[in-house]
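Counting starts at 1 for both ligands and their atoms, following the listed order.
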Amino acid sequence: MKILCINAGSSTIKFQLFEMPKEEVLVSANFEKIGESNSFYSFKINGEKIKKEIELENHKVATSIFLNELINLKVISNYDEIEGIGHRVVQGRSKYSGSVIINEDVIKDVESYIPLAPLQNSANLMGISESIKLLPNIKNVAVFDTSFHQTMDANQYVYPIPYEWFEKYNVRRYGFHGTSHKYLYNSIKELIGKDLKVITCHLGSGSSITAIDKGKVIATSMGFTPLGGIAMGTRCGDIDPSILSYIMKNTGKSIEEVTNDLNKKSGFLGISGISGDSREIEDGIALGNDRCRLAQDIFVNRVVSFVSYYYVLLDKPDVIVFSAGIGENSSMVREEIINKLNCLNIYIDKEQNNVRSKIQKISSENSDILCYIIPTNEELMIARETYELIS
Ligand code: ADP
């Protein structure tokens with residue numbers, strides 16, 4: 001059975017076509033800088049990469065190019081071969097604790113949640129409406145970033161603010177990257193062969209950390225929006241909320257401008273003044289740049305503060321998992337994090353840690369807690385959930 005996975009972002013749309021249940025990727029394609037003058041797309045098929053610079057006016061154009069290419073490249077001969085489409089949807093609020101087949105009510109809900117994730121949910125909706133328009137006979141499934149986190153207790157998701165804000169305006173911690181955290185938990189459970197207490201660290205340009213007890217999320221670092229939690233590539237993570245009004249008063253910036261600064265000009269980029277990309281931060285550190293060193297120290301400290309808090313919440317985890325762009329690739333960041341956890345008898349094996357993007361145990365033999373790298377695969381998780389729901 002062929003399942004298409006669609007991940008629509010504000011200026012990107014990513015596709016992967018799977019043969020299920022074999023979990024074989026038949027083709028993957030990324031369309032980037034949609035709506036900008038330098039837009040392009042790339043296809044990966046049979047180990048070969050094809051890249052083309054082309055004007056991509058909007059997501060609709062990108063989707064129809066992708067569908068045409070599926071036939072041109074002879075991946076399929078007919079659209080009826082695709083039996084289901086799984087869509088990433090960022091905000092599903094507390095109503096959606098699992099993936100669902102998309103109908104009109106689901107579309108209305110996703111639309112009504114746009115104010116809680118303006119860029120993300122509106123992009124996700126575009127992907128959904130284009131699929132329905134261009135492939136009207138195929139079932140669509142919504143896989144929410146927030147679903148996996150819906151098992152948290154109120155003492156984790158209610159903020160210490162006027163309770164009315166929660167009741168009337170749904171201001172609460174939702175948590176994000178749920179599809180990735182669930183994939184990581186399932187993978188480590190399968191690897192070790194039993195239910196576990198796990199801390200999953202999804203460290204990419206957006207980063208979040210989750211405490212999971214036997215498959216149930218106990219706590220997660222991102223909050224009401226993906227701006228909360230640890231410091232990230234360009235996002236600030238948790239900060240004192242008074243900073244907003246203070247900066248607005250002193251600079252004359254509007255709430256939109258300050259919010260934009262906290263989303264796009266903070267984190268690694270804000271501190272280093274150089275880049276939001278951790279590779280460039282590491283290069284800066286190698287050249288003796290103090291602000292790059294500071295940016296990485298702050299990042300590592302924030303990760304350690306959540307990991308050590310979740311260690312206590314879980315009453316000692318069995319495993320700590322590292323994943324996503326930084327977690328999978330940066331041996332330096334992993335080593336700095338684990339070294340700060342030595343007082344909890346968590347130790348790194350430097351040699352084992354010297355790898356990229358592969359499943360690998362990186363804790364030493366005398367470590368009380370196992371540490372693993374597990375490459376994440378949100379697209380595969382979406383394909384699995386879609387396959388399960390429609391078959
Ligand atoms: P997202 O999916 O949130 O856009 P990714 O999971 O792709 O993010 O992670 C992007 C981050 O991973 C960037 O900060 C990038 O620098 C970092 N990264 C990717 N490859 C490496 C590497 N080889 N070494 C260090 N960091 C890396």
Chi angles and distances behind the salt bridge (charged side-chain N to carboxylate O under 4.0 Å, His left out) call for E190, K194: CA-CA 7 Å; E190 197 181 310; K194 59 174 179 151; over 6 Å; no

Distance-only donor-acceptor hits, side chain of residues 295-305, under 3.5 Å, sequence neighbours excluded:
unit_1: Q296; atom_1: NE2; unit_2: E336; atom_2: OE1; d: 3.3
unit_1: Q296; atom_1: NE2; unit_2: E336; atom_2: OE2; d: 3.4
unit_1: D297; atom_1: OD1; unit_2: R293; atom_2: NE; d: 3.2
unit_1: D297; atom_1: OD1; unit_2: R293; atom_2: NH2; d: 2.8
unit_1: N301; atom_1: OD1; unit_2: K340; atom_2: NZ; d: 2.7
unit_1: N301; atom_1: ND2; unit_2: D297; atom_2: O; d: 3.4
unit_1: R302; atom_1: NH1; unit_2: D238; atom_2: O; d: 3.1
unit_1: S305; atom_1: OG; unit_2: R302; atom_2: O; d: 2.9

Expected output: side-chain Y347 to main-chain S367 donor-acceptor under 3.5 Å: no

S205 N/O under 3.5 Å from ligand 1 N/O: yes

Aromatic contact, F66 with Y41 (centres under 6.0 Å): no

Test of ring centre spacing under 6.0 Å for F166 and Y163: yes

Atom 22 (C) of ligand 1 - nearest protein heavy atom and its distance: N329 CB, 3.1 Å

Minimum non-hydrogen distance to atom 19 (C) of ligand 1, winning option of H202, E282, R279: R279

Contact with ligand 1 for G206, non-hydrogen, under 4.0 angstrom: yes

Per-atom contacts of ligand 1 with R356, taking only distances under 4.0 Å to non-hydrogen atoms: 22 (C), 23 (N), 24 (N)

Nearest protein heavy atom with distance in Å, relative to atom 15 (C) of ligand 1: D277 OD1, 3.4 Å

Under 3.5 Å: donor-acceptor pair, side chain of E328, backbone of T376: yes

Evaluation steps, side chain to side chain donor-acceptor pair (under 3.5 Å), between N140 and H87: CA-CA 7 Å; N140 290 273; H87 298 265; 2.8 Å; yes

Per-atom contacts of ligand 1 with I326, taking only distances under 4.0 Å to non-hydrogen atoms: 11 (C), 12 (O), 14 (O), 17 (C)

Closest to atom 13 (C) of ligand 1 among S278, S275, G325 (heavy-atom distance): S278

Under-4.0 Å heavy-atom contact between protein and atom 6 (O) of ligand 1: yes

